[in-house]
K.L.:
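Here it is, the structure, as structure tokens.
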Amino acid sequence: MINTQTSAKTILVTGATGNIGRALLTELAEHGEVRVRAATRNATFAGLPEEIEPFQADLQHADSLRSAVEGATALLAPDARN
């Protein structure tokens, strides 16, 4: 469950290394008023900017997603399909 009661806003972006996800991360990071967490299958090699919190997660594995959304106030899934 996404927590909406905290003062610090954390946005989780899935598909962080894709074209849309990468552009979204850049925009959010430049905004600077929120923490940005990027869900990616391989956080070590994602090549994310320093201000982005990498988080290793796989959309095919519910347990990794539960951990990724913990503490997040919003979830953006730019490449989500039915």
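For reference, positions follow the sequence shown, starting with 1.
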K.L.:
Could you work out the complete set of other residues in the hydrophobic cluster of Phe55, with links drawn between I, L, V, M, F, W and Y side chains under 4.5 Å apart?
P.N.:
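Noted: Phe55 shares its cluster with no other residue.
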K.L.:
So which pairs with a foot in residues 36-51 pass side-chain hydrogen bond (donor to acceptor under 3.5 Å, both in side chains), sequence neighbours left out?
P.N.:
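Every side-chain hydrogen bond (donor to acceptor under 3.5 Å, both in side chains) pair that includes a residue of residues 36-51, provided the two are not neighbours, is Arg37-Glu53.
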K.L.:
Distance check, rounded to the nearest 0.5 Å: Leu12 atom CG versus Thr73 atom OG1?
P.N.:
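If I round to the nearest 0.5 Å, the distance is 10.0 Å.
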K.L.:
So do Ile11 and Leu76 actually touch side chain to side chain, heavy atoms under 4.5 Å?
P.N.:
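Answer yes - side chains close enough.
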K.L.:
Under the side chain to side chain contact (heavy atoms under 4.5 Å, CB included) test, which residues partner Ser64, sequence neighbours left out?
P.N.:
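Side chain to side chain contact (heavy atoms under 4.5 Å, CB included) list for Ser64, sorted by chain: Ala57, Asp58, His61.
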K.L.:
Who passes side chain to side chain contact (heavy atoms under 4.5 Å, CB included) against Ala16, sequence neighbours left out?
P.N.:
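Leu25, Ala38.
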K.L.:
According to the salt bridge (charged side-chain N to carboxylate O under 4.0 Å, His left out) rule, which pairs have a member within residues 20-33, sequence neighbours left out?
P.N.:
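Those involving residues 20-33 do not exist here.
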K.L.:
List the residues meeting side chain to side chain contact (heavy atoms under 4.5 Å, CB included) with Ile20, not counting sequence neighbours, and say none if there are none.
P.N.:
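Scan of Ile20 (side chain to side chain contact (heavy atoms under 4.5 Å, CB included), adjacent residues dropped) gives Pro78.
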K.L.:
To which residues is Leu59 joined in a hydrophobic cluster, defined by side-chain heavy-atom contacts under 4.5 Å among Ile, Leu, Val, Met, Phe, Trp and Tyr, whether direct or through other members?
P.N.:
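Result for Leu59 is Leu65.
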K.L.:
Can you list the steps and then say if Thr10 with Val34 is a side-chain contact (heavy atoms from CB on, under 4.5 Å)?
P.N.:
CA-CA 6 Å; Thr10 300; Val34 296; over 6 Å; no
K.L.:
Leu48, Val36: one ILVMFWY side-chain cluster at the under-4.5 Å cut-off?
P.N.:
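Yes, Leu48 and Val36 fall within the same hydrophobic cluster.
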